[in-house]
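One structure below.
Residue numbers begin at 1 in each chain, while the letters A, B, ... track the order of the sequences. Given the structure is predicted, the values throughout are model-derived calculations rather than measurements.
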Amino acid sequence: MVSQLSRPSSSDRATPSDPQRLQRLRHTCAHVLAMAVQRLFPETHVTIGPWTETGFYYDFDRADPFTPDDLGRIEAAMGQIIGANLPIIRETVDRDELRSEIVQMNEPYKLEILDGIPLGEPITRYYIGCPDLISPSNADDEPSLFDVSALKAGESTCWWDLCAGPHLNRTGEIDPEAFALESVAGAYWRGDETKPQLQRIYGTAWETPEQLEAYLQQKEEAKRRDHRKLGQELDLFSIQEEAGGGLVFWHPKGARMRLLIEDYWRTAHLATGYDLLYTPHIANLDLWKTSGHFEFYRENMFDQMEIEAQQYQLRPMNCPFHVLTYQNKLHSYRELPLRWAELGTVYRYERSGVLHGLMRVRGFTQDDAHVFCLPEQVSDEILAVLNLTEQILSDFGFAEYEVNLSTRPAKSVGTDAIWELATDALRQALDTKGWAYVTDEGGGAFYGPKIDIKIRDAIGRLWQCSTIQVDFNLPERFDMEYVAVDGSRQRPIMIHRAIFGSLERFFGILVENYAGDFPLWLAPVQLRLLPVSDGQRDYANGVAQTLKQQGYRVEVDTSGDRLGKQIRTAELEKIPIVAVVGKREVEQQTLSVRTRQSGDLGALTVAEVQGRMAAAIADRGRV
RNA sequence: GCCGAUGUGGCUCAGUGGUAGAGCACUCGAUUCGUAAUCGAGCGGUCGCGGGUUCAAAUCCCGCCAUCGGCUCCA
């Protein structure tokens with residue numbers, strides 16, 4: 001038994017292998033964490049602790065909060081448990097025996113879990129360091145929690161958790177250099193906010209220290225790209241306490257970029273058969289009662305305001321306005337499909353704790369559109385939306401997607417026939433497009449099935465932006481009609497779709513994707529001219545004027561700083577191209593060009609610079 | 001909304017009960033300069049807001065607001 005207490009040798013730790021092993025490892029880490037916590041804080045109740053994408057967590061019930069300091073102590077204790085290489089033993093147990101044991105231990109959450117296991121299912125527990133296997137002589141040299149001789153009477157090194165498993169065989173199989181505790185957060189028991197709030201300790205765990213290092217670097221990279229940080233540094237936008245949380249101020253540079261995005265979007269839509277609408281940001285509350293939002297979406301709506309004894313509502317969505325526009329006259333089947341798009345600003349009440357930079361705000365602009373069409377047009381319209389989505393997203397540098405098709409949920413409106421028609425239309429469009437997708441059975445909205453598209457960014461993260469939804473509800477509620485071939489009144493099908501989703505959010509994603517280093521066509525300032533000394537200021541201004549007249553975003557550094565400083569400033573502002581203007585350049589009527597992408601390009605004429613910029617803009621690339 | 005953390009000049013951050021600090025930015029002066037920081041001076045803060053304790057509060061206590069990490073929710 002001595003070997004079981006020895007420090008783990010490197011051979012105990014497997015080299016990278018299968019994902020199941022990694023999950024076991026992470027799950028075991030969660031147990032080791034819980035064991036360490038209960039050793040250090042015996043009054044703590046345990047609950048659940050699963051593995052996650054990057055590690056593990058365990059939820060605890062304890063009156064006092066865990067401090068960052070505690071985290072360090074817990075991590076050290078985990079290191080000791082791992083160092084002691086304790087055996088992990090699975091035991092199938094009798095439900096009633098275990099029940100009385102849990103009652104005696106006063107672990108109410110475990111009791112709830114046990115009682116939730118269906119009768120007849122095997123019940124297992126996992127021991128770490130079964131006391132029978134450990135004798136005092138085996139204690140390690142250095143005093144530790146698991147130095148048995150240091151234990152008080154009645155204490156043991158043994159710890160167990162009710163758990164289905166699976167786990168590693170010994171704690172020593174965890175590489176002590178490949179895990180780390182990350183943070184403490186509140187979490188509700190069973191994810192239900194009416195239930196007690198627990199303290200969740202998050203950790204990360206990997207097979208090797210190198211993998212841990214890579215993960216930590218990825219985290220650093222994400223931090224470096226954080227749109228909130230870059231938004232401040234590059235002076236793109238702000239969110240101000242005085243105005244309120246979740247309300248975005250677009251600064252000149254951010255606004256310039258937004259304008260470019262909007263112009264691109266409008267052009268693309270007009271070119272693909274859309275018409276554009278502008279509709280109000282508030283409307284009579286009755287509209288929202290008709291649409292059903294007041295009943296079903298109220299918790300996300302700002303409070304109503306009273307205007308001359310009428311209730312008005314700030315809009316959380318654009319769709320009712322587009323429906324009203326449709327209702328303003330009688331439509332023939334010959335007019336359909338109607339494709340109406342609007343950069344529609346909406347306001348939604350979000351609980352203060354969920355606000356997050358540009359990603360989650362209270363006022364935002366959707367690149368919304370609604371297609372009103374005949375049933376037989378649905379499939380083609382969906383396909384057209386998919387094509388437009390691909391064109392737009394790829395122009396912004398996103399070429400990889402993950403697609404979900406969500407089908408009819410249990411609670412829903414509409415007939416089987418119409419659900420089938422719509423779901424088939426979505427499926428058929430995806431098949432024609434040739435996109436692989438995952439079906440989320442029952443994941444659709446109550447009013448219709450939908451396709452969601454996630455884009456993968458430069459560091460591999462997925463962001464859900466685009467959504468295409470078929471809606472049977474609003475046409476019904478508003479009694480929408482068109483006149484069919486036979487003169488009868490028929491109900492059109494309505495498709496909601498957004499490609500960016502929210503301009504604010506998409507802009508945030510762009511910032512993170514490019515780490516603020518935008519391709520030339522999006523860069524708020526494309527070229528900055530740097531005069532070496534005051535004598536070149538007029539020439540620089542002249543060149544800037546010429547290029548500005550051609551539509552380029554050009555400015556002259558007016559700081560009076562030395563060249564080195566001007567270059568440093570431009571680099572920090574991530575300006576794609578700088579052009580040094582000194583005596584030489586003025587004499588030869590050239591610019592000495594330096595780009596972020598390619599470094600020093602030497603002396604070029606203004607026409608040459610203009611040509612290179614035009615080429616880079618045309619292919620949405622860099623100089 | 002809930003749990004925890006944080007909040008000090010425009011920005012990044014020192015300052016744990018005794019006269020509010022630094023760097024950058026900004027302004028002014030000198031320098032007219034060749035590819036990532038020229039030198040000097042100056043301006044600038046009721047220390048998130050409101051209350052309380054104390055002779056004395058950025059510092060201790062209470063409430064609120066905002067931000068950050070999560071939960072829940074979601075574009």
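Base pairing analysis places B:A5 opposite B:U67; the two distances defining the Watson-Crick or G-U wobble pair are each below 3.5 Å. With a 3.5 Å ceiling on both atom-pair distances, the Watson-Crick or G-U wobble partner of B:G50 is B:C62. A 3.5 Å limit on both hydrogen-bonding distances identifies no Watson-Crick or G-U partner for B:G44. Nucleotide B:U16 forms a pair with no other nucleotide shown, judged by Watson-Crick or G-U wobble geometry with both contacts under 3.5 Å. Judged by Watson-Crick or G-U wobble contacts below 3.5 Å, the nucleotide B:G10 has B:C24 as its partner. Using Watson-Crick or G-U wobble geometry with both donor-acceptor distances under 3.5 Å, B:A30 finds its partner in B:U38.
At a threshold of 4.0 angstrom between heavy atoms, the contacts of A:Gln366 with the nucleic acid are absent. Using a 4.0 Å heavy-atom criterion, one finds that A:Tyr202 contacts the sugar-phosphate atoms exclusively. As judged by a 4.0 angstrom heavy-atom cut-off over every strand, A:Leu530 is placed among residues making no nucleic acid contact. Contact annotation for A:Gly582: base contact, defined as any heavy-atom pair under 4.0 Å involving a base atom. Note on A:Arg228: only backbone sugar-phosphate atoms sit closer than 4.0 angstrom, heavy atoms only; bases stay farther off. The residue A:Glu573 sits apart from the nucleic acid: no heavy atom pair falls under 4.0 Å. Within the 4.0 angstrom heavy-atom criterion, base atoms lie near A:Gly353. Nucleic acid contact class of A:Val361 (heavy atoms, under 4.0 Å, all strands): base. Within the nucleic acid shown, A:Ala187 comes within 4.0 Å of sugar-phosphate atoms alone, with no base atom in reach, counting heavy atoms only.
Contact annotation: side chain of A:Arg568 to base of B:A37, donor-acceptor pair present below 3.5 Å. Judged by distance alone with a 3.5 Å cut-off, a donor-acceptor contact links the side chain of A:Glu350 to the base of B:A75. Between the base of B:G70 and the side chain of A:Tyr57 there is no donor-acceptor pair shorter than 3.5 Å. For A:Gln232 and B:G10, a side-chain-to-base donor-acceptor distance below 3.5 Å is absent, hydrogens and geometry of angles not being considered.
Nearest to the side-chain atoms of A:Asp534 among the listed nucleotides B:C33, B:U32, B:C74 stands B:U32. When distances are taken from the side chain of A:Ser592 to each of B:U35, B:U31, B:A75, the shortest belongs to B:U35. Counting only heavy atoms from C-beta on, A:Lys565 has its side chain closest to B:A37 among B:G69, B:A37, B:G1. The side chain of A:Glu241 sits closest to B:G48 out of B:U38, B:G48, B:U35. Distance from the side chain of A:Arg562 is smallest to B:U38 among B:G34, B:U67, B:U38. Considering only the side chain of A:Leu563, B:U35 comes nearest among B:C73, B:G69, B:U35. Here the side chain of A:Arg362 is nearest to one of B:U32, B:A66, B:A75, namely B:A66. The side chain of A:Val532 lies closest to B:G34, out of B:G69, B:U32, B:G34.
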Subject >> Steps toward ring pair (Phe, Tyr, Trp, His ring centres under 6.0 Å) verdict (A:Trp288, A:Phe321) >> reply: CA-CA 10 Å; A:Trp288 301 101; A:Phe321 295 87; 5.7 Å; yes
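Contact detail for A:Pro108 and A:His45: the closest heavy-atom pair is CD-ND1, 3.7 Å.
OP1 and OP2 of B:U32 both lie 4.0 Å or more from every side-chain N or O belonging to A:Lys583. Residue A:Ser352 places at least one side-chain N or O under 4.0 Å from the OP1 or OP2 atom of B:G1. Taking 4.0 angstrom as the limit, A:Arg351 places none of its side-chain polar atoms (N or O) nearer than this to OP1 or OP2 of B:C71. Neither OP1 nor OP2 of B:C74 sits under 4.0 Å from any side-chain N or O of A:His356.
In this pair, A:Phe66 does not lay its aromatic ring on the base of B:G4; centres under 5.5 Å and planes under 30 degrees do not both hold.
In this structure, A:Tyr297 and A:His293 have perpendicular ring planes: the angle between them is above 60°, well past the 30° mark. Ring geometry for A:Phe66 versus A:Phe60: interplanar angle over 60°, hence perpendicular rather than tilted (30 to 60°).
Looking only at side-chain heavy atoms (C-beta outward), A:Lys253 and A:Val525 come within less than 4.5 Å of each other. Residues A:Pro449 and A:Thr407 fail the side-chain proximity criterion, which asks for heavy atoms closer than 4.5 Å. At a threshold of 4.5 Å between non-hydrogen side-chain atoms, the residues A:Arg224 and A:Leu230 do not count as touching.
At least one donor-acceptor pair closer than 3.5 Å links the side chain of A:Arg225 to the backbone N or O of A:Asn513.
Taking atom CG of A:Leu230 as the reference point, atom P of B:C11 lies 16 Å away to the nearest angstrom. At whole-Å resolution of the value, OH in A:Tyr349 and C1' in B:U72 are 12 Å apart. Nucleotide B:C74 holds its P atom 18 Å from the CD1 atom of A:Ile509, rounded to whole Å.
Here, B:C71 and B:G52 have their P atoms 40 Å apart, quoted to the whole Å. The same atom, C1', is picked in B:G48 and in B:A57; the two are 16 Å apart, to the nearest Å. Look at the P atom in both B:G18 and B:C47: the space between them is 16 Å, to the nearest Å. When the P atom is used for both B:U46 and B:U8, the distance is 13 Å, rounded to whole Å. Remark: the separation of the C1' atoms in B:A75 and B:C43 is 44 Å, to the nearest Å. Annotation: B:A22 and B:A14 have their C1' atoms spaced 7 Å apart (nearest Å). Across B:G50 and B:A41, the matching P atoms stand 36 Å from one another, rounded to whole Å. The gap from the C1' atom of B:G17 to that of B:A58 amounts to 11 Å, rounded to the nearest Å.
In terms of position on RNA chain B, the residue among A:Gly501 and A:Val581 whose nearest nucleotide sits closer to the 5' end is A:Val581. Residue whose closest nucleotide on RNA chain B sits further toward the 5' end, between A:Pro65 and A:Leu358: A:Pro65.
Heavy atoms of other residues, nucleotides or ligands lying less than 6.0 angstrom from CD of A:Glu43 number more than 12.
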